[in-house]
Engineer: 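Take a look at this one; I'll ask things after.
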Amino acid sequence: MTDGHGGAGWGWVPDIPPNPQNTAEVVCALTNAGESIPRAAEVVTLVGQNAVVREEHGEWVFHAPIDLSWRLRALQCLGIPSSDPSAAACRTALITAQESDSGGWRMSGRIGPVSVSATSSAIQALCGDTASDEATARAVLRGTMFLAESMLEQDPRTQPMYACAYVAAALARPEISAVGGKKIDRGRDLAVQHLLAHLAAGYPRIEEEHFRRADVADTWRHLSLHLSVGALLSVEPRTVFEPVVRRALIDLLDLQEPEELQAQYGGFRTSTEGFVTSYATTQALDSMLAARQVMHEKISPARVFDLICRDEGRHHLDAQNVIEFGGYPVVMNSPAGIGALLAGVPAGLTIALLAIGFADELGKAGSRALVVWGMLFVAFGTLAGLATRFPAVSKLRIATSVFAGYTAVVLPIVSFLLT
């Protein structure tokens, strides 16, 4: 979309005029995907601008550190040399904005806390010039140490999910990894551990970071699900075998608009109830690219085929999710299910019969409690045996039938025997 002033690019949604920030994000995502940038010369013009003019709101500036970082990365992706005035101005302004004491960057201005996300973005933007510019190399090193030390010291700014994703991505950059050091490695590993813990705790939510642009309060909404999947698969590809990561990948894919007739077809939503936006789509695209690379380079095709058969197959020898406890699946195949049936039914009946036989000694309440406990073994064994032997039948239907029979038939009979 044209901006009406010789530039072209993307806005945060299709019907919003383009701006340098969202355009830079799209440029970086398309470059990572190996795609060419349409109308590249006009895109360069827009990304190089410090401000755009909106008819209804006036001038909209984009010279905060977080904006400069994305714009500089986009100019690099567009092939603009570091000596170009636009790129040099972004780099100089970014280095100047670095906080002298900590080595980090604020989201905007000179007031407010140093931001983990802004620091990570600045490091990734400046990394490309570290080999040729000493001032840039020093700035990157100081920012890197700030992130690593903050992570190791459990700084509150590193505890949100989005912050862990940013730290992991920045510390895993090839230029940073080449420097090495135990502190950097430990900081990156700790960020990965925190991300896995966050995913295990439940569906990631959109997290907000508040800051000020000049005299205006602003909010940056971090898409924690999109960021965490991309960071984990890029930084530690082996986490693709973690159930919580696979679940998060599925949740992320569910946010894509699948209807071909929709104007936003192929785009990603910010959340299940959110809009399809450019920044949600670019972050999801980066995550998909990381997943594709993991699949191509880290996992054999035979293993992928086996995983697909386990999840979607209909053979009783394949592992199946029989039931879930606290979000964690109980996985069995038919031999394991038959084993649970053969062990559970005799054990449960033994407990129930002993409770009936010693009802006088145990008392009515104690004997009934033991009978219920014993029959639970029978019910679970029956569920496991039937669910794994007939994988094409809905697990929910089998579970409902088993426990309906348990409560409607077995328990009344037992209660009658104990009266």
Engineer: Give a yes or no answer on whether the side chain of Arg73 reaches the backbone of Ala125 with a donor-acceptor pair at less than 3.5 Å.
Structural biologist: no

Engineer: Measure the OG-CD distance between Ser115 and Glu209 for me, rounded to the nearest 0.5 Å.
Structural biologist: 3.5 Å

Engineer: Is there a donor-acceptor pair under 3.5 Å between the side chain of Ser120 and the backbone N or O of Val116?
Structural biologist: no

Engineer: Decide yes or no for Thr272 and Asp254: does some side-chain heavy atom of the first lie under 4.5 Å from some side-chain heavy atom of the second?
Structural biologist: no

Engineer: Starting at CD of Gln256, measure out to OG1 of Thr281 and round the result to the nearest 0.5 Å.
Structural biologist: 8.0 Å

Engineer: Pick out which of Thr92, Asp129, Leu94 makes a side-chain contact (heavy atoms from CB on, under 4.5 Å) with Thr136.
Structural biologist: Asp129

Engineer: Do Ser224 and Glu207 have side-chain atoms, one donor and one acceptor, less than 3.5 Å apart?
Structural biologist: yes

Engineer: Please tell me if the side chains of Leu252 and Ser287 come closer than 4.5 Å, counting only heavy atoms from C-beta onward.
Structural biologist: yes

Engineer: Could you give me the CA-CA distance, side-chain angles and deciding distance for Asp286 and Asn32, then say whether side chain to side chain contact (heavy atoms under 4.5 Å, CB included) is met?
Structural biologist: CA-CA 7 Å; Asp286 285 339; Asn32 290 340; 3.3 Å; yes

Engineer: Looking at Glu134, I'd like to know if its CD atom is crowded, meaning that more than 12 non-hydrogen atoms belonging to other residues, nucleotides or ligands lie closer than 6.0 Å.
Structural biologist: no

Engineer: With a 3.5 Å distance limit and no angle check, can you tell me whether Ser121 reaches the backbone of Ser69 through a side-chain donor-acceptor pair?
Structural biologist: no

Engineer: In Å, rounded to the nearest 0.5 Å, how long is the span from CD of Gln193 to NE2 of His198?
Structural biologist: 12.0 Å

Engineer: Any chance the rings of His222 and Tyr166 have centres within less than 6.0 Å?
Structural biologist: yes

Engineer: Do Arg247 and Asp251 sit within salt-bridge range, that is, some charged N less than 4.0 Å from a carboxylate O?
Structural biologist: yes

Engineer: Would you compute the distance between atom CG of Leu147 and atom OG1 of Thr158 and round it to the nearest 0.5 angstrom?
Structural biologist: 9.5 Å

Engineer: Taking all non-hydrogen atoms of both residues, which atom of Ala148 and which atom of Ile184 are closest, and how far apart?
Structural biologist: CB-CA, 4.2 Å

Engineer: Within the supplied structure, the quantity of interest is the number of heavy atoms (other residues, nucleotides, ligands) at a distance under 6.0 Å from Tyr203 OH; does it exceed 12?
Structural biologist: yes

Engineer: Can you name the closest pair of heavy atoms from Cys90 and Leu75 and give their distance?
Structural biologist: SG-CD1, 4.5 Å

Engineer: Has Ser234 got a side-chain atom pairing as donor or acceptor with Ala231's backbone, closer than 3.5 angstrom?
Structural biologist: no

Engineer: Do Val229 and Val245 come close enough that some side-chain heavy atom pair is under 4.5 Å?
Structural biologist: no

Engineer: Evaluate the criterion side chain to side chain contact (heavy atoms under 4.5 Å, CB included) for residue pair Phe268 and Val276; output intermediate values, then yes/no.
Structural biologist: CA-CA 5 Å; Phe268 282 79; Val276 173; 6.0 Å; no

Engineer: Test side chain to side chain contact (heavy atoms under 4.5 Å, CB included) on Cys164 and Met151 and set out the steps.
Structural biologist: CA-CA 8 Å; Cys164 295; Met151 197 76 227; 4.0 Å; yes

Engineer: Are any side-chain N or O atoms of Thr119 and backbone N or O atoms of Trp105, one a donor and one an acceptor, separated by less than 3.5 Å?
Structural biologist: yes

Engineer: Do you know which two heavy atoms are closest between Pro18 and Thr23, and how far apart they sit?
Structural biologist: CB-OG1, 4.3 Å

Engineer: For Gly348 versus Val378, what's the shortest heavy-atom pair and its separation?
Structural biologist: CA-CG2, 3.9 Å

Engineer: Which is it for Arg91 and Leu68 under the side chain to side chain contact (heavy atoms under 4.5 Å, CB included) test, yes or no, and what are the steps along the way?
Structural biologist: CA-CA 8 Å; Arg91 184 174 62 256; Leu68 291 169; over 6 Å; no

Engineer: Is there a side-chain contact between Phe211 and Arg106 in this structure, where contact means two heavy atoms from C-beta onward sitting under 4.5 Å apart?
Structural biologist: no

Engineer: Within the structure provided, determine whether Val13 and Ser278 are in side-chain contact (heavy-atom separation under 4.5 Å).
Structural biologist: no

Engineer: Less than 4.5 Å apart, side chain to side chain, heavy atoms only: is that true for Ile80 and Ser86?
Structural biologist: no

Engineer: Report the C-alpha distance between Lys182 and Asp185 in whole Å, list the side-chain angles of each, state the deciding distance to 0.1 Å, and finish with yes or no for salt bridge (charged side-chain N to carboxylate O under 4.0 Å, His left out).
Structural biologist: CA-CA 5 Å; Lys182 292 183 178 179; Asp185 293 340; over 6 Å; no

Engineer: Can you tell me how far CG of Leu126 sits from OG of Ser82, rounded to the nearest 0.5 angstrom?
Structural biologist: 11.5 Å

Engineer: Quick one: does any side-chain atom of Gln264 pair with a main-chain N or O of Gly267 as donor and acceptor, under 3.5 Å?
Structural biologist: no

Engineer: Distance check, rounded to the nearest 0.5 Å: Ile123 atom CD1 versus Ile176 atom CD1?
Structural biologist: 6.0 Å

Engineer: So, does His226 use its side chain to make a donor-acceptor pair with the main chain of Arg269 at under 3.5 Å?
Structural biologist: yes

Engineer: Could you tell me whether the side chain of Glu153 and the main chain of Asp155 form a donor-acceptor pair under 3.5 Å?
Structural biologist: no

Engineer: Would you find a donor on one side and an acceptor on the other, under 3.5 Å apart, between the side chain of Arg71 and the backbone of Gly48?
Structural biologist: yes

Engineer: Any salt bridge between Glu242 and Arg246, counting N to O under 4.0 Å?
Structural biologist: no

Engineer: Quick check: are there more than 12 heavy atoms from other residues, nucleotides or ligands sitting under 6.0 Å from CZ of Arg142?
Structural biologist: yes

Engineer: For Met375 and Ala352, which heavy atoms make the closest approach, and how far apart are they?
Structural biologist: SD-CB, 4.1 Å

Engineer: Does Thr239 use its side chain to pair, donor to acceptor, with the backbone of Glu236 at less than 3.5 Å?
Structural biologist: yes

Engineer: Inspect the contact between Asp189 and Arg186 and indicate whether a charged nitrogen and a carboxylate oxygen are less than 4.0 angstrom apart.
Structural biologist: no

Engineer: Pro204 and Leu199: which non-hydrogen atoms are nearest, and at how many Å?
Structural biologist: CG-CD2, 3.7 Å

Engineer: Are Gln159 and Arg157 packed together at the side-chain level, in the sense that at least one heavy-atom pair is separated by less than 4.5 angstrom?
Structural biologist: no

Engineer: Taking the side chain as C-beta and beyond, is there a heavy-atom pair between Leu289 and Arg292 under 4.5 Å?
Structural biologist: yes

